[in-house]
K.L.:
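Before I ask anything, here is the structure I am working with.
The chains referred to below are lettered A, B, ... by the order of the sequence lines, with proteins before strands, and numbering in each begins at 1. Everything numeric here is computed off the predicted structure, so don't read it as measured data.
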Amino acid sequence: MTYLAELTAKVRRCALVPLLLRLIIALALTGAIVATAVPAWDVPDAYLWIAVIAGGAGAVIPDAGGAAIASGAVVVAWAVGAPDGVGPAVVVTALCLLVVHVASALAAAMPVTAAAAEGALRRWLRPTGVLGGGTVAVAVAAGVLNRWSPPGSVVLVLLAVAVLSAGVWWATST
Amino acid sequence: VRAIAVAVVAVAIAVIGQRTDAAVLAVPFVGAAAWGAARRPRNAPSAETTVDSTTLFEGQWTPARIAVRPGDGGGEVGEMVTVVVQTTPWLATDPRSGAVAVATPGGRADVVVPVRAVRWGRNELCLERAVFSSALGAHRAEVVGHPIPLSTLPLSAMFDAVDVVPRPAGLVGLHRANRQGSGSEPAEVRPFRTGDRLRRINWKVSLRTGALHVTATWADRDTHVVLLLDTEVDLGVSDGVDGRASSLDITVRVAAAIGEHYLRTGDRVALVDLGRRVRGIGAGSGRRHLRRLLDALVLAEPSPQHPADNLRIRPIEAGAMIIALTPLVGSAGRAQVVSLVQHGHTVVIVDTMPPSAAPTGSSWERLAARVRVMERQADIDALNELGVPVVPWRGRGTLDEVLRHATRAAAAPRRR
């Protein structure tokens, strides 16, 4: 009873924004895992379990590396279990991983009891939107290239990634 | 690090396994790493903490201002700063954690964390850390601050008393003396005597009677009040200015309130602490003396290692009114009071035992407490028999009845 009371008191001390960020991490990781597992292909369960456990730890303690391990596990699960090709599932997974990354970085920057100003959160929306848009654009380009199937299409996709990175660099440094 | 690690894994899988889906999964992480590298802060930031007022009263708020500035080179120091203000237990912050996250446009931000003094005493406020985060959390820098001492004065209790004191003395003041002289309160109309001032002549009575009469007044005098604090133990629970008060809380607040009242009326107030944590304050008057008194009171702490039995109180001026503030636990406070009464001083005891001191433990503890309550009542009865009134603290007017009684007793002829 005392432990429960202490736990309740700790939870009540938590501020709204850090709790929402943890909820967003959990939801986005769930989205990434579901988008990886639901399609019919055979994804090994071990990677998904690693992602679930590490993701749970990452949601509770965002700066402990749980989110990184979970993201890595999802990427490896795609590599070993899914067939090649770009579809809606991979776009959803990539966007979910982006949200996990940004929310983890933001949650790790403040204690769970911190009152966050709106302006601080708004400044993180722009890069997240740009990266999300870039991800969708790269996915569309990769899908088109896959259908066209020219020799060296992976190189072209990586080239697109490099162009995106250079573009981001240029956009943020000017 | 997270973005780079996942990006490397995904890109390696994409290249080695010729997987376009892995390349798409790498995009957010490559982009985040690139964005973070591009917006890398160039300067070490600084954070300076100040408070508007370092001396507060109980319940008073003051803003703690944290000025975040870029280093010498100027420019960005990060997208966001999270400041965490740490305080000692009797200071409260809004938010309660003292942690606030704000944006730093142009590398500058002024963060205000309101701080409230909850209980009297010496406190400290410190910028525990200011964490600067660059775009997407790629880089972090941390700055720590220096402690800022805050003093909370215990002036929250309200006190007022009738304008009678047992033995007024001195040359100036607001209390009516026992003898006639220069003052404002009329005493009688009597025939003119040599030495009477002409402006005191009562012309109406003089014309009616055909002989010069003057209006005599009672002299105005001040008095010497000694506050005797028993801080040997602290009984009960202290919740700060808004909650329950311990015996030490009551003692300190009452001492401050009584001291303020008598200093406001021009009297001289001295302070003696039986616990010896508070340094003794000699008799003095005026606003500066009140501040000296309050500054001394904030140091009060229970000090059971200094038995009050061994304390030798300096001789107190004859005719001084001694107000002892004690929870009447243990024999030390009582013994000192008895000693002072035997020296001919007028002593009034304000009982500072709080209601929250009642034990709620086992039946044995409750039984022991009942025995102690009976012993305490026997002590109070013994003090009453000695002519020392014991009154519980009730705020304004607590001392009115006992002061009237003590004044009557002081004016009565003495038996030898």
K.L.:
Hey, could you give me each pair passing side chain to side chain donor-acceptor pair (under 3.5 Å) that has a residue in residues 85-103 of chain B? Not counting sequence neighbours.
P.N.:
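Residue pairs with at least one partner in residues 85-103 of chain B: A/Thr113-B/Ser97, B/Thr88-B/Asn123.
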K.L.:
Tell me, for B/Val84 versus chain A, whether the close heavy atoms (under 4.5 Å) come from the side chain, the backbone, both or neither.
P.N.:
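Side chain of B/Val84 only, per the 4.5 Å heavy-atom cut-off to chain A.
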K.L.:
Hey, is B/Arg244 close enough to B/Asp249 for a salt bridge, meaning N to O under 4.0 Å?
P.N.:
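Salt bridge: no.
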K.L.:
Checking A/Pro18 against chain B: side chain, backbone, both or neither under 4.5 Å from a heavy atom?
P.N.:
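For A/Pro18, there is no contact with chain B at all, as no heavy atom is under 4.5 Å.
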K.L.:
When the side chains of residues 90-103 of chain A are checked against the rest of the protein, which donor-acceptor pairs come out under 3.5 Å, sequence neighbours left out?
P.N.:
| unit_1 | atom_1 | unit_2 | atom_2 | d |
| --- | --- | --- | --- | --- |
| A/Thr93 | OG1 | A/Ala89 | O | 2.7 |
| A/His101 | ND1 | B/Arg2 | NE | 3.1 |

K.L.:
Please classify the contact between B/Val102 and chain A as side chain, backbone, both or neither, with a heavy-atom cut-off of under 4.5 Å.
P.N.:
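Interface part for B/Val102: both.
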K.L.:
Tell me the closest heavy-atom pair linking A/Ala109 and B/Met80, and the distance in Å.
P.N.:
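Reported closest heavy-atom pair: CB-CE, 3.5 Å.
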K.L.:
Chain B: which of A/Gly72, A/Gly134, A/Ala108, A/Gly65 shares the most heavy-atom pairs with it under 4.5 Å?
P.N.:
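Looking at each of A/Gly72, A/Gly134, A/Ala108, A/Gly65 in turn, A/Ala108 comes out on top.
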K.L.:
With a 4.5 angstrom heavy-atom cut-off, is it the side chain or the backbone of A/Ala15 that approaches chain B, or both, or neither?
P.N.:
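Nothing of A/Ala15, per the 4.5 Å heavy-atom cut-off to chain B.
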K.L.:
For a quick test of reading the model, state the closest non-hydrogen atom pair linking B/Gly59 to B/Arg116 and the distance between them.
P.N.:
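Nearest heavy atoms, B/Gly59 then B/Arg116: O-NE, 3.2 Å.
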K.L.:
Among A/Ala115, A/Ala105, A/Ser104, A/Ala117, single out the residue with the greatest number of heavy-atom pairs under 4.5 Å to chain B.
P.N.:
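Highest number of pairs under 4.5 Å: A/Ala115.
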K.L.:
Who wins among B/Val81, B/Val30, B/Val83 for the most heavy-atom pairs under 4.5 Å with chain A?
P.N.:
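Most heavy-atom pairs within the cutoff with chain A belong to B/Val30.
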K.L.:
Only one of B/Thr50, B/Asp110, B/Asp52, B/Thr49 forms a side-chain hydrogen bond (donor to acceptor under 3.5 Å, both in side chains) with B/Arg65, so which one is it?
P.N.:
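One option only clears the test, and that one is B/Asp52.
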